[in-house]
Amino acid sequence: MNDWLDKFHDDPREQRPHQPKRPRDPRNPRLPRWLDKFRDDQTPRETRPQPREQRPRDPRDPRIPRMPPGTTDARPQEILIFGGLMVASLLLGLMATAIAYPRLSQAMSGLEILLPEIVVILLIGGFVYLVAWLRQFWAVWILMAFCVVRFLLYVPTFLNIESVFVKMLTVCYFMLQAAAFWFVFTPAAKRWLKAKRP
C-alpha cells in the first residue's frame, strides 16, 4: 500500500541477509548484544588468541642474569655459629679464672689476674665484631694468629694447674675456638666475608 513511498528513500529497502547472532561477551554476559558493535575489536572472544602461559624459566638458562655467589647480605649460619662459639669460649675462660682465683691471688695481685683477662676479652670481642658484623676477612687471620700464640704460651702453665675441673675448662676453651675457626672457613662463610658490602 505504501510502496510509492520507497522512491523518496535515499537507500531503498533491500532484503538483508540473515546474520547469526553474536555470542555474548563471556566476560560480562549481562551486557546486551547491541553493545557489541561499539567494541574496538569485533573478533569473538572465543577466537581471539590467548596469551601464552608463562612457563617457569630454567635456572640454567644463560639468558637469566645470575647473582654472583656471596653477594647476598644475609648473614650465613656459619658466621653466627662462629660468633657464638667465640663468646662461649670467653665465658669458659672467665669461669676457669674465677675458680682458680683463690690460688692465683696468693702469688699475684687481683689487678694482675684480671687485667689480662679483660684485654683478651676486648681483643677477641673486637675481632669477632669485625668478622661477624663488619665482614672484614682480614680480621679472621689476625684473630687466629692471636689465639694460636696465646695457646702456645699457655701450654707450659697448663701442666701446673692442680684443679682437674680448671684443666677441663681450659681444654674446652681452646676446642671451642678451634671449632669457631673451622666454621668461619667454610665455603658459605668465606663467600659472605669476601663479598662486597652493599
Side-chain angles (χ1 to χ4, degrees), residues 56 58-60 62 64-198:
D58 188 358
R60 295 172 295 180
I64 302 176
R66 297 182 181 181
M67 294 182 62
T71 55
T72 177
D73 193 45
R75 187 177 291 106
Q77 186 178 6
E78 289 81 359
I79 294 294
L80 298 177
I81 296 175
F82 161 78
L85 291 176
M86 294 301 294
V87 171
S89 68
L90 294 178
L91 294 177
L92 288 181
L94 287 177
M95 188 181 301
T97 302
I99 295 174
Y101 184 82
R103 180 177 178 276
L104 295 174
S105 61
Q106 298 176 359
M108 58 185 70
S109 62
L111 183 61
E112 294 175 344
I113 299 173
L114 297 178
L115 184 60
E117 296 294 329
I118 295 175
V119 172
V120 168
I121 291 174
L122 292 177
L123 285 176
I124 294 180
F127 281 112
V128 169
Y129 177 78
L130 288 173
V131 173
W133 274 264
L134 300 184
R135 299 170 72 165
Q136 302 296 325
F137 190 63
W138 58 267
V140 176
W141 297 101
I142 298 179
L143 179 60
M144 186 171 62
F146 175 77
C147 292
V148 169
V149 170
R150 190 163 182 267
F151 171 75
L152 295 177
L153 294 176
Y154 197 83
V155 169
T157 60
F158 180 79
L159 301 176
N160 298 327
I161 299 176
E162 296 180 357
S163 175
V164 178
F165 186 64
V166 174
K167 285 185 177 181
M168 292 176 58
L169 290 177
T170 305
V171 171
C172 293
Y173 172 86
F174 289 108
M175 288 181 63
L176 288 177
Q177 290 185 352
F181 286 115
W182 185 86
F183 278 102
V184 83
F185 279 104
T186 55
K190 288 172 65 177
R191 284 196 301 266
W192 183 79
L193 289 173
K194 292 181 179 180
K196 294 182 179 180
R197 296 177 60 191

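- Listed here is the closest heavy atom pair of Leu92 and Tyr173: CD1-N, 4.1 Å.
- Separating the CG atom in Leu94 from the OH atom in Tyr101 is a distance of 13.5 Å, to the nearest 0.5 Å.
- Although no hydrogens or angles enter the test, the distance criterion places a donor-acceptor pair under 3.5 Å between the side chain of Gln136 and the main chain of Leu134.
- When every heavy atom of Phe127 is checked against every heavy atom of Ile142, the shortest pair comes out as CZ-CG2, 3.4 Å.
- With values rounded to the nearest 0.5 angstrom, Lys190 atom NZ is found 12.5 Å from Glu78 atom CD.
- Between the Arg75 side chain and the Ala132 main chain, a donor and an acceptor come within less than 3.5 Å of each other.
- Here the closest heavy-atom approach between residue Thr170 and residue Ile161 is recorded as OG1-CD1, 4.3 Å.
- Within the model, atoms CZ of Arg191 and OG1 of Thr186 stand 8.5 Å from one another, a figure rounded to the nearest 0.5 Å.
- Of the inter-residue distances, the one linking Leu91 atom CG with Cys172 atom SG reads 13.0 Å to the nearest 0.5 angstrom.
- A distance of 5.5 Å separates CZ in Phe82 from CZ in Phe181, rounded to the nearest 0.5 Å.
- Within a 6.0 Å radius of CZ in Phe165, no more than 12 heavy atoms belonging to other residues, nucleotides or ligands are found.
- From Ile124, atom CD1 reaches atom CZ of Phe146 across 5.5 Å, with rounding to the nearest 0.5 Å.
- Nearest approach of Gln106 to Pro102, heavy atoms of both residues: CG-O, 3.5 Å.
- Within a 6.0 Å radius of OH in Tyr154, other residues, nucleotides and ligands contribute more than 12 heavy atoms.
- Here the closest non-hydrogen pair linking Leu130 and Ala139 is CB-CB, 3.9 Å.
- Between Pro76 and Ala189, the shortest heavy-atom distance links the atoms CG-CA, 4.2 Å.
- Side-chain atoms of Glu117 and Thr97 include a donor-acceptor pair closer than 3.5 Å.
- Inter-residue side-chain proximity for Met86 and Leu143 is flagged as met; some heavy-atom pair is nearer than 4.5 Å.
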